[in-house]
Number of protein chains: 2
Amino acid sequence: MSPLARRPAAPAPGTRSRILATAAEEFGARGFAATTVDRIARRARVNKAMIYYHFPSKRALYTAIVRSHFAPIVERLAAITAQQAPPDQQLDLLIQTLVEAIDASKPFLSIFLREIADGAVHLGSEDLALLAGIFGTVRSVIAEGTSQKVFQPVHPALAHFTIIAPVIMFRATAPVRARIEATRGVVIPDADRSTVVSHARMVARRMLAPQ
Amino acid sequence: MSPLARRPAAPAPGTRSRILATAAEEFGARGFAATTVDRIARRARVNKAMIYYHFPSKRALYTAIVRSHFAPIVERLAAITAQQAPPDQQLDLLIQTLVEAIDASKPFLSIFLREIADGAVHLGSEDLALLAGIFGTVRSVIAEGTSQKVFQPVHPALAHFTIIAPVIMFRATAPVRARIEATRGVVIPDADRSTVVSHARMVARRMLAPQ
DNA sequence: GTCTATACTTCGATAGAC
DNA sequence: GTCTATCGAAGTATAGAC
């Protein structure tokens, strides 16, 4: 190789992951349709054509982000139920893990909310399977507790969302609450993770306590 | 007026409301950016130019929808706290009213979720005031109960979302749950309104019961 | 792997006749 | 109030040089 030759094909290791991270922020903040590939490129400091070099389409880029966020959550949840602990202990661990997952990525939380509003039209059957896995895990732990008479009988889906929806909505509404605080001069206290976990556990315990 | 003259300006009473209803469905199902004025026009069976005759812009149409949905909810909530009932009774009424509001318009529920994901960028200070009103009403009833020692102390925002977020997410996820049922052959029971109200009241009562 | 330039499409919005 | 026709701005995606 001539020393005078240029190096036109030097790999830039951070490029692909920088695209993914920036795209997640944009999709989360604006939604799929309102996100432009131009803007992702500019913010990730790559050329727009580079995005199409790494991903076949805007949609494929979006799908890659969704998969990479869902999969590890389901794995961690499965690890908890694999151990044969009592239902109330498993539920405490499930709550801890779910709150950590929700806190792990603010953009993904927004993507998740939009996906629900969309009726999950962007999710393939593999993604739906991951979602069903999360739902099924919580549900089976509650069902086990009910059959052992340590939990009272509850509507499965309503119980599931009673545990997790408050955390989702509380975290997701943080920017809106901040705007209300700023605009209207009221103080709405935030909460750190241990406060949120404690609250969710308290709610779960009280909701499921036998009559 | 000559009998031969045409009547080019016959009013079509249903036009404006048909635009509003169709636009709400589209904004709910697709989000603001993905919704096209062309499609609203086609589905509402009006000419696109008619939309711009009734509303100055796509954004103004969206805002009109948001206002018309938020305002009556806040009114009904205010009517409840105006009466001087005990906190637990007020809370039961608040829950009933909020569940009814959530069930009243499926499109608006999706619009609401997307607005949260957006950080409420489409909402002006008047809309934020309405949102703050909903939040403040629940919050003040809980605070009153706590100061009367009939409720235990709780984090205001977490308590608020513990009561209302499960209902929001349960209703909003109905299409996704249906897809999971269809794709994966599992049965996820739905719930009618009285079941949802009872569940939310049970959760609120148990969460707020003094230790 | 990276860039420039551009083809192709869609969409919000308006002009102007009736 | 209602229509047709169209402008102009963005935006996805690709071709092709280096």
Side-chain angles (χ1 to χ4, degrees), chain A residues 1-66 114 118 121-122, chain B residues 1-66 114 118 121-122:
Chain A
M1 204 196 290
S2 158
L4 290 173
R6 300 236 241 98
R7 283 186 294 105
T15 301
R16 192 190 156 93
S17 58
R18 210 164 59 247
I19 293 172
L20 281 168
T22 309
E25 285 175 24
E26 287 291 315
F27 286 133
R30 298 161 195 277
F32 182 82
T35 294
T36 71
V37 178
D38 273 292
R39 197 182 153 94
I40 295 172
R42 183 162 17 100
R43 286 202 41 207
R45 302 188 313 282
V46 300
N47 192 279
K48 177 163 66 161
M50 268 316 285
I51 293 179
Y52 287 97
Y53 173 79
H54 284 285
F55 301 94
S57 67
K58 180 184 170 182
R59 170 66 39 97
L61 171 56
Y62 179 83
T63 304
I65 291 168
V66 171
R114 291 182 206 277
D118 287 340
V121 287
H122 305 122
Chain B
M1 205 196 289
S2 157
L4 291 175
R6 301 237 240 97
R7 284 187 292 106
T15 301
R16 192 190 156 94
S17 56
R18 212 164 58 248
I19 292 172
L20 282 167
T22 309
E25 285 175 24
E26 288 291 315
F27 286 133
R30 299 161 194 277
F32 182 82
T35 294
T36 71
V37 179
D38 274 293
R39 197 182 153 93
I40 295 172
R42 184 161 19 100
R43 286 202 43 207
R45 301 187 314 279
V46 300
N47 193 279
K48 177 163 67 160
M50 268 317 284
I51 292 179
Y52 286 97
Y53 173 79
H54 283 286
F55 302 93
S57 67
K58 180 184 172 184
R59 171 65 45 95
L61 171 55
Y62 180 83
T63 304
I65 291 168
V66 172
R114 290 182 203 279
D118 286 340
V121 287
H122 304 121

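Lettering follows sequence order; numbering is per chain, from 1. Here the structure is a predicted model, which is why all the values come from computation and not from measurement.
- The side-chain contact (heavy atoms from CB on, under 4.5 Å) check on A:T63 picks up A:R59, A:R67, with sequence neighbours excluded.
- In this structure, the side chains of A:R114 and B:D118 come closer than 4.5 Å at one or more pairs of heavy atoms.
- Not counting sequence neighbours, the partners of A:A49 by the side-chain contact (heavy atoms from CB on, under 4.5 Å) test are A:N47.
- Atom-to-atom, CG of A:D38 to P of D:dA10 comes out at 11 Å; the value is rounded to the nearest Å.
- Residues meeting the salt bridge (charged side-chain N to carboxylate O under 4.0 Å, His left out) test with B:K48, sequence neighbours left out: B:D38.
- Of the residues in residues 17-37 of chain A, those placing a heavy atom less than 4.0 Å from an atom of DNA chain D are A:T35, A:T36, A:V37, in numerical order.
- Rounded to whole Å, the distance from CZ on A:R16 to C1' on C:dT2 is 17 Å.
- With sequence neighbours excluded, the residues that form a side-chain contact (heavy atoms from CB on, under 4.5 Å) with B:A64 are B:L20, B:F55.
- Atom CZ of A:R42 is separated from atom P of C:dC3 by 15 Å (rounded to the nearest Å).
- Against DNA chain D, the stretch residues 43-59 of chain B makes heavy-atom approaches under 4.0 Å through B:N47, B:A49, B:M50, B:Y53.
- Every salt bridge (charged side-chain N to carboxylate O under 4.0 Å, His left out) that A:R39 has, sequence neighbours left out, goes to A:E26.
- Every side-chain contact (heavy atoms from CB on, under 4.5 Å) that B:A23 has, sequence neighbours left out, goes to B:F27, B:I40, B:L61, B:I65.
- Residues forming a salt bridge (charged side-chain N to carboxylate O under 4.0 Å, His left out) with A:R18 (at least two apart in sequence, or on another chain): none.
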